[in-house]
Amino acid sequence: MRVQRPTRWSRPVFAWGASLLLAACASSGGSGGGAEVPGGEWLRHVAPFPVTGPDGTVFPEPFLGGFNVPRPQFVDIDGDGDDDLMAQEFTGSVMYFEHVDGGGYEWRTDRYQDLEVGEWYRFVDFDFDGDVDLLAEEPFSYIRYYRNDGGPSEPRFTLVADTLRDTAGDPIFADRQSIPNASDLDCDGAIDLLVGRLSGTISHFEMDGTGLGGAPRFRLVTDRFEDIEIVTQLGSAHGANTMALGDVDSDGDEDLFWGDFFEQGLLYIENQGGCAAPSFRAEPTRFPLDEPLLTSGYNAPTVGDPDADGDIDLLVGVLGGAYNPNTTLVENLFWLEHGADGGFQARTARFIATVDVGSESVPVPVDLDGDGDVDLLVGNRIQPDDPQNGGVHQFVNRGTPTSPAFEQDGVLEGVGTGYHRIPAFGDLDGDGDLDAVVGTWDDELLFYRNVANGAGIELELVDPTAATLTRGRNASPALGDVDGDGDLDLVVGESSGQLAYYRNDGGPGGPRFTLVADGWLDIDVGRRSFPVLEDLDGDGDLDLLVGSEDEGVRVYMNVGTRTEPDFAATASTLPLATFGFAAPAFADLDGDGDQDLVLGGAAGGLRYFERR
């Protein structure tokens with residue numbers, strides 16, 4: 001079944017978001033209190049102070065961490081009669097957003113009930129007892145089953161089977177990159193399970209009693225459900241896929257949606273039969289029918305009623321397929337509203353509005369405008385609208401030092417072009433203002449002098465090879481007086497997970513960085529090291545923290561002195577919720593006299609932890 005490509009879809013983005021979630025906090029489990037680490041207690045907040053986007057949109061929960069590959073599902077998880085939102089961004093965990101009174105969604109946790117869900121999840125009422133059970137990916141490419149033993153309003157999920165099995169006792173295989181779905185399609189009181197295949201076909205199983213422990217058992221009906229074979233616009237290409245079921249045309253039966261890695265649109269197959277005798281023989285068409293949604297591909301839909309107006313809408317997460325996924329690193333959660341005329345209209349491409357600069361965000365606190373409060377720079381790997389360059393996004397504090405209010409305001413000018421531009425600021429030439437060393441995707445670090453007249457920062461390139469990595473790339477610099485001689489030395493993280501240390505032999509009047517060690521302190525955090533020099537325990541010397549791609553934030557306390565540092569050979573790890581690519585920065589954003597923690601991450605957003 002082939003689909004022709006229509007004109008590129010383009011619509012204005014409307015602002016729509018949840019109410020503010022005040023004083024929301026999370027430990028490593030996602031909700032609750034903080035954790036004891038060197039320097040005090042850390043408490044996570046998703047909405048500690050106001051942040052607005054470049055178009056004036058208020059981010060209700062700005063410090064959620066961003067989205068790159070959101071896999072959404074609407075489900076009434078708390079039994080109060082409205083559709084809550086579950087969303088998976090990272091392997092193994094599901095986020096929960098509650099549909100609150102007055103409309104909108106509020107974040108509750110990043111790890112709902114600590115459920116392990118592999119690469120995908122699906123809430124379905126398998127036993128027709130009025131509450132939802134759970135299917136999830138069992139690594140690798142099988143289907144685990146959780147039974148809800150709590151009820152509709154207080155669900156409690158019990159792992160019953162690590163894989164669903166057919167009537168012959170064999171495990172049911174479901175490719176881990178494809179999201180299946182289940183429903184009673186033919187209204188016979190038995191759940192039908194649809195599993196998409198990489199061939200573009202669908203295997204149809206029907207529930208046939210229960211097996212060991214009460215897990216549902218399935219009978220294979222056919223490996224070619226309704227003879228559906230999705231052939232995309234690239235010819236015979238098939239790929240990872242997602243499915244959703246829902247009665248979008250309000251005719252009493254469930255229709256089928258399909259998102260494919262090689263398909264730019266969302267495919268809709270109308271059920272032309274009925275509840276008792278479903279028929280999916282219609283030609284797949286892009287959806288919405290009048291103005292199709294076109295993205296980078298691999299679209300993951302869910303149906304529900306987020307605006308509680310009594311009809312079915314769609315929410316589509318964009319996982320990024322064969323059509324330049326960099327373009328949907330920010331706009332990737334589309335709300336398609338069901339209108340009074342029966343059609344569907346895109347209302348927003350950012351259903352959960354939050355700080356998001358694309359991917360691999362790296363925060364850098366600095367007073368950009370010289371007004372005495374802390375602003376934020378956030379670097380990224382690549383700009384969604386510019387495939388040749390990354391950007392350093394400015395979040396200017398329009399509030400005060402004790403009552404901040406940030407506004408996203410363009411990008412930092414003058415730091416060159418290319419991927420992964422990460423600045424570190426300090427007075428390198430002794431004139432009292434902030435200069436910068438800028439790391440890049442390449443192996444060279446650049447020195448920029450601040451030539452602003454008066455307060456603020458205006459950078460001018462002085463030395464394009466102020467330091468050069470001897471191995472690795474993705475330079476992430478940190479400045480600090482490591483040897484206590486009165487000038488700023490340079491520590492650089494890079495792609496291998498190790499550190500390079502450059503002593504400043506130029507003095508406070510101008511930097512001259514001399515390589516001391518390219519495997520400094522034998523530190524290796526796996527991949528992508530992000531060093532920070534910070535007096536974590538307030539004893540007057542610099543401690544060392546190192547973010548990483550997979551190992552969180554490692555802490556190396558200085559047990560020596562300011563002039564003769566001795567970083568402990570054994571390291572601890574900050575017990576904070578991180579999901580890949582933890583890039584730390586410290587700043588007193590709330591003006592209470594201590595340094596709080598901001599984390600960048602793989603999904604392009606920020607997480608904020610208040611120091612108590």
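Only this structure's heavy atoms are used, side chains among them; waters, hydrogens and symmetry mates stay out. Count residues from 1 along the sequence.
- The shortest side-chain heavy-atom distance between Leu256 and Leu245 falls under the 4.5 Å cut-off.
- With no hydrogens or angles considered, no side-chain donor-acceptor pair links Asn324 and Ser296 at under 3.5 Å.
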For Phe67 and Phe90: C-alpha separation, side-chain torsions, deciding distance, then whether ring-ring contact (aromatic ring centres under 6.0 Å, His included) applies. CA-CA 9 Å; Phe67 295 99; Phe90 297 99; 9.1 Å; no
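- The pair Arg108-Glu106 counts as a salt bridge, with a side-chain nitrogen and a carboxylate oxygen less than 4.0 angstrom apart.
- Within the 4.5 Å cutoff, the side chain of Ile352 has heavy atoms near those of the Phe97 side chain.
- Checking side-chain atoms of Asp84 against main-chain N and O of His99 turns up a donor-acceptor pair under 3.5 Å.
- Annotation: cation-pi geometry satisfied between Arg44 and Trp107 (NZ/CZ under 6.0 angstrom from ring centroid, within 45° of ring axis).
- The shortest side-chain heavy-atom distance between Phe123 and Ile77 falls under the 4.5 Å cut-off.
- For the pair Arg219 and Phe205, the minimum side-chain heavy-atom distance is 4.5 Å or more.
- Using modelled atom types, one finds a donor on one side chain and an acceptor on the other under 3.5 Å when comparing Thr573 with Arg554.
- A distance of 10.5 Å separates CG in Leu194 from CD in Glu206, rounded to the nearest 0.5 Å.
- No side-chain donor-acceptor contact under 3.5 Å links Arg527 and Ser495.
- The cationic group of Arg473 lies under 6.0 Å from the six-membered ring centre of Trp441 and within 45° of the ring axis, placing it in a cation-pi geometry.
- Put simply, OG1 on Thr109 and CD on Glu98 are 12.5 Å apart, with the number rounded to the nearest 0.5 Å.
- For the residue pair Arg197/Asn241, the side-chain donor-acceptor check at 3.5 Å is not satisfied.
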side-chain contact (heavy atoms from CB on, under 4.5 Å) between Leu329 and Ser359, worked out: CA-CA 7 Å; Leu329 290 173; Ser359 67; 3.8 Å; yes
Tell me which donor-acceptor pairs under 3.5 Å the side chains of residues 127-136 have, and how far apart each pair is, sequence neighbours excluded?
| unit_1 | atom_1 | unit_2 | atom_2 | d |
| --- | --- | --- | --- | --- |
| Asp129 | OD1 | Asp131 | N | 3.3 |
| Asp133 | OD1 | Asn148 | N | 2.9 |
| Asp133 | OD2 | Phe126 | N | 3.0 |

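- For the pair Gly81 and Asp76, the tightest heavy-atom approach, listed with the atom from each and the gap, is N-OD2, 2.8 Å.
- Ile312 CD1 to Phe74 CZ: the interatomic distance, rounded to the nearest 0.5 Å, is 9.5 Å.
- Side-chain atoms of Val248 and Phe344, non-hydrogen and from C-beta on, do get closer than 4.5 Å to each other.
- Side chains of Ser203 and Asp223: a donor on one and an acceptor on the other come within 3.5 Å.
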Show the numbers, then the answer: is there a side-chain contact (heavy atoms from CB on, under 4.5 Å) between Glu494 and Asn474? CA-CA 5 Å; Glu494 39 92 2; Asn474 292 293; 5.7 Å; no
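- For Pro301 against Leu314, the heavy-atom pair with the smallest separation is CB-CD2, 4.4 Å.
- Judged purely by atom type and a 3.5 angstrom limit, Asp149 has no side-chain atom pairing as donor or acceptor with the backbone of Arg156.
- In terms of modelled atom types and a separation under 3.5 Å, the side chain of Arg217 and the main chain of Asp208 share a donor-acceptor contact.
- A salt bridge links Arg71 to Glu119: at least one charged side-chain nitrogen sits closer than 4.0 Å to a carboxylate oxygen.
- A heavy-atom distance below 4.5 Å is not found between the side chains of Glu137 and Thr91.
- Interatomic distance, Leu336 CG to Phe351 CZ, rounded to the nearest 0.5 Å: 11.0 Å.
- For the pair Ile143 and Trp120, the minimum side-chain heavy-atom distance is below 4.5 Å.
- Residues Arg224 and Glu229 are paired through a salt bridge, judged by an N-O separation under 4.0 Å between the basic side chain and the carboxylate.
- Using a distance-only test at 3.5 Å, with no hydrogens or angles considered, no donor-acceptor pair links the side chain of Thr163 to the main chain of Tyr142.
- Between the side chain of Asp175 and the backbone N or O of Leu198 there is no donor-acceptor pair closer than 3.5 Å.
- For the residue pair Ile269 and Ala282, the shortest heavy atom distance occurs at CG2-O, 3.7 Å.
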Decide yes or no on side-chain contact (heavy atoms from CB on, under 4.5 Å) for Val553 and Val546, but give the supporting numbers first. CA-CA 5 Å; Val553 181; Val546 186; over 6 Å; no
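- Side-chain N or O atoms of Asp313 include one that pairs as donor or acceptor with a backbone N or O of His338 at under 3.5 Å.
- A distance-only check finds a donor-acceptor pair linking the side chain of Thr354 to the backbone of Pro62 [under 3.5 Å].
- Looking at Asn299, its side chain does come within 3.5 Å of a backbone N or O of Gly265 through a donor-acceptor pair.
- Contact check on Arg286 versus Glu291 returns no salt bridge, with no Lys/Arg side-chain nitrogen under 4.0 Å from an Asp/Glu carboxylate oxygen.
- Classified by interplanar angle (parallel below 30°, tilted 30° to 60°, perpendicular above 60°), the ring pair Tyr608/Phe63 is tilted.
- Contact annotation: the side chain of Tyr298 never approaches that of Thr328 to less than 4.5 Å [non-hydrogen atoms, C-beta and beyond].
- In terms of the side chain to side chain contact (heavy atoms under 4.5 Å, CB included) criterion, residue partners of Ala168 (sequence neighbours excluded) are, by chain and number, Asp166, Asp170.
- In this structure, the side chain of Glu89 does not engage the main chain of Ala603 through any donor-acceptor pair within 3.5 Å.
- In terms of heavy atoms, Cys275 sits closest to Gly252 at CB-O, 3.8 Å.
- To the nearest 0.5 Å, atoms OG1 (Thr295) and CG (Asn332) are separated by 9.5 Å.
- Across all their heavy atoms, Pro284 and Ile230 have their closest contact at CG-CD1, 4.1 Å.
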Criterion side-chain contact (heavy atoms from CB on, under 4.5 Å) on Met243 and Ile179, from CA distance to verdict: CA-CA 6 Å; Met243 278 189 289; Ile179 303 177; over 6 Å; no
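- Arg281 and Asp227 are joined by a salt bridge, as a carboxylate oxygen and a charged side-chain nitrogen come within less than 4.0 angstrom of each other.
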Begin with the C-alpha distance, continue with both residues' side-chain angles, and end with the deciding distance and a verdict on ring-ring contact (aromatic ring centres under 6.0 Å, His included) for Phe530 and Phe581. CA-CA 9 Å; Phe530 298 92; Phe581 195 86; 4.8 Å; yes
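- A donor-acceptor contact shorter than 3.5 Å links the side chain of Asp192 to the backbone of Leu185.
- In terms of heavy atoms, Ser361 sits closest to Pro363 at O-CD, 4.0 Å.
- Of the N and O atoms on the side chains of Ser183 and Glu254, at least one donor lies less than 3.5 Å from an acceptor on the other residue.
- Of the inter-residue distances, the one linking Thr327 atom OG1 with Asp385 atom CG reads 10.0 Å to the nearest 0.5 angstrom.
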